[in-house]
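Each chain gets a letter, A, B and so on, in the order its sequence line appears, and its residues count up from 1.
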Number of protein chains: 2
Amino acid sequence: MSIRAVCELGYVSDSVSRVHGRTLAAVTEHASATVGRAERTGGRAERKERTRQKLLDATLQMVTTRSLASVSLREVARDAGIVPTAFYRHFDSMDALGVELVDECMRPLRQMTRDARRGTSNRGDIIAGTVAILGRQVREHPAQFQFLTRERYGGVSAVRRAIAMELRLFTSELTVDLARLTAGGDWSSEDLEMAADLMVAAMLNTVLRLLEVDHRHREDEQRILSTSERQLRLIALGMAAWRSG
Amino acid sequence: MSIRAVCELGYVSDSVSRVHGRTLAAVTEHASATVGRAERTGGRAERKERTRQKLLDATLQMVTTRSLASVSLREVARDAGIVPTAFYRHFDSMDALGVELVDECMRPLRQMTRDARRGTSNRGDIIAGTVAILGRQVREHPAQFQFLTRERYGGVSAVRRAIAMELRLFTSELTVDLARLTAGGDWSSEDLEMAADLMVAAMLNTVLRLLEVDHRHREDEQRILSTSERQLRLIALGMAAWRSG
DNA sequence: AATTTCGGTGTACGCCCGTTCACTGACTAG
DNA sequence: CTAGTCAGTGAACGGGCGTACACCGAAATT
């Protein structure tokens, strides 16, 4: 007897659908039980952290195909294998979860900045190195970048604000780097920010392009990265010819 | 007696909430009755078109603050002053409405292209002219641009595709224009596309910036447009120094 | 060993949703 | 004048949602 049939008989209650959900969750858990029976180990704090992470992961997974605003608290809880009300032991609301998810997804981006800066100290081509790092980060953390780009102008204002803040930080760091690189040239800080903003826009555009191609086609990926590199090079050429003020 | 109270007495039915909604709609309609009593005029086809437009307008209004995926059919119908089921006389679903809304919102952008091209024939500064036109279009049609930028990577895939297609068209038109401007220089079509893509990215970035400031502060708006102009100029400088292939 | 803490459970509620169906009555075509 | 079309109505349905509340039992604290 299907759940549907049960419902049509008017024998419906919240419990029925929840049991259905739990069944699915249990199956999923079983299928992805790579860690085996290591579920019930660790102290209370550790296990709470694990559940919390499951909630974040489940949400991130869903947001790769839909917008955060359309993901429900119940759905996330179901996927994480807990009852809806237990959600509140970890987050005040889906909005709050979203904001924390921004922080988590920013880590790849921050890592990228660090990597790129280290590459700068080497003797290689700064632009080529940066683009390569960008490509690698997007390939390795597609869901995170998907989330950030989708929700950057998405429906949840708290998340929008959080992303905007982090992105402003990113731009200002790049501004500092540009200041070092153009030392000696007569660049006003306003113009440096303008250039950094343009570069960030170009790179975000690249991220979007990378995300919308099937990443198994390495040739498409390479074409996009090549375009990105030439765009940054074009900007660099422009900067070399720039007279500030 | 409040609706809330009615519901708590268990005296709830669909009708109650619908009547509530209609009351709100009626009030709204009354408040914004700038056209007065000209409601019941025109033939059947004409009135259908009017309702259709009301549905599109209501949706566009809502999407300025939330994502399309979170706007419900009932809500839109309520705002347009019709019963939910009548919605289907005009659109198959909210997704279908979204796709048509893309087309409607693209008109300002297409107008922009035309205006900019006309400006080109004049003797003035092409970049300054283009940026000015961009600023004017965004100021005059904020909701349309809001919708396009928000849903460009939003949750509804049909809408995403529609926007992506239109934007690709826009870029390819710009590529043609660039080809004319760089005639004589040794530019490959691939590099032209690369440059056009960068310019479109820069301009979209400008649109986003314009939308997120309070448009009553003309000084902020001017600062953003000035930055945009300098960014395009930086790119133009880069192009002047570019050696293709 | 006794007590407290707290992550997770189970039930129930009121609400809004999309969609179905039979209908109504003003416009329109013959 | 009449028959038909069709935008809009109104009631009902099954279902998902957020969240309040009382409860449980294992881990942590005393």
*Could you check how far CG of B/D95 sits from P of C/dT19, rounded to whole Å?*
10 Å
*How many Å lie between CZ on B/F91 and C1' on D/dA7, as a whole number?*
14 Å
*asked:* Checking side-chain polar atoms at under 3.5 Å, does B/R114 have a donor or acceptor matched by the opposite partner on B/Q111?
replied: yes
*Could you list the residues that satisfy salt bridge (Lys or Arg N to Asp or Glu O under 4.0 Å) with B/E219, not counting sequence neighbours?*
none
*Measure from the side-chain heavy atoms of A/T51 and tell me the nearest of C/dC21, C/dG8, D/dA7.*
C/dG8
*Only pairs at least two apart or in different chains count here, so list each side-chain hydrogen bond (donor to acceptor under 3.5 Å, both in side chains) that has a residue in residues 149-162 of chain B.*
none
_From the set D/dG18, D/dT9, D/dA20, return the single nucleotide nearest to any side-chain atom of A/Y88._
D/dG18
*Find the distance B/R78:CZ to C/dC15:P and express it as a whole number of Å.*
14 Å
_Distance criterion of 3.5 Å, no angle test: do you see the side chain of A/T85 paired donor-to-acceptor with the base of C/dG10?_
yes
*State whether the distance check finds a donor on one side and an acceptor on the other, under 3.5 Å, for side chain B/S93 versus base C/dG18.*
no
*With a 4.5 Å limit on heavy-atom distance, are the side chains of B/M94 and B/T59 in contact?*
yes
*Nearest-Å distance for atom pair CD/C1', residues A/E49 and C/dG7*: 14 Å
*May I have all residue pairs that pass side-chain hydrogen bond (donor to acceptor under 3.5 Å, both in side chains) and include part of residues 87-103 of chain A, sequence neighbours excluded?*
A/R52-A/E100
*Just jot down the salt bridge (Lys or Arg N to Asp or Glu O under 4.0 Å) partners of B/R168, sequence neighbours excluded, or say none.*
none
*Starting at CD of A/E75 and ending at P of D/dT19, how long is that distance when rounded to a whole Å?*
15 Å
*Of all the choices, C/dT9, D/dT9, D/dC17, which nucleotide is nearest to the side chain of A/I82 once you look at every atom?*
C/dT9
Between protein and nucleotides 1-6 of chain C, what N or O pairs are separated by less than 3.5 Å?
from  : atom 1 : to    : atom 2 : distance (Å)
C/dT5 : O2     : A/R44 : NH1    : 3.0
C/dT5 : O2     : A/R44 : NH2    : 3.1

*Excluding sequence neighbours, so at least two apart, what forms salt bridge (Lys or Arg N to Asp or Glu O under 4.0 Å) with B/D57?*
none
*Whole Å only: how far is the CZ atom of A/R47 from the C1' atom of C/dG8?*
10 Å
*Which comes earlier along DNA chain C counting from the 5' end, the contact point of B/G43 or that of B/D92, where each point is its nearest nucleotide?*
B/D92
*Pairs in or reaching into residues 197-217 of chain A: which pass side-chain hydrogen bond (donor to acceptor under 3.5 Å, both in side chains), with residues at least two apart or in two chains?*
A/D197-B/N205, A/D197-B/R209, A/D197-B/Q231, A/N205-B/D197, A/T206-A/S228, A/R209-B/D197, A/D214-A/R216
*Please list, by residue number, the residues of residues 65-73 of chain A whose heavy atoms come closer than 4.0 Å to an atom of DNA chain D; answer none if no residue qualifies.*
A/S72, A/L73
*Could you tell me the separation between the CD atom of A/E46 and the P atom of D/dA26, rounded to a whole number of Å?*
19 Å
*Which listed nucleotide (D/dG10, D/dG8, D/dA12) is nearest to the side chain of B/R74?*
D/dA12
_Please report the distance, rounded to the nearest Å, between CE in B/M94 and P in C/dC16._
18 Å
List the atom pairs, with distances to 0.1 Å, where a side-chain N or O of residues 136-143 of chain B and a protein N or O form a donor-acceptor pair under 3.5 Å, not counting sequence neighbours.
from   : atom 1 : to     : atom 2 : distance (Å)
B/R136 : NH2    : B/D115 : OD2    : 3.2
B/R139 : NE     : B/E221 : OE2    : 2.8
B/R139 : NH2    : B/E221 : OE2    : 3.0

*Apply side chain to side chain contact (heavy atoms under 4.5 Å, CB included) to B/L134 and B/T130, showing your working.*
CA-CA 6 Å; B/L134 182 71; B/T130 303; 5.6 Å; no
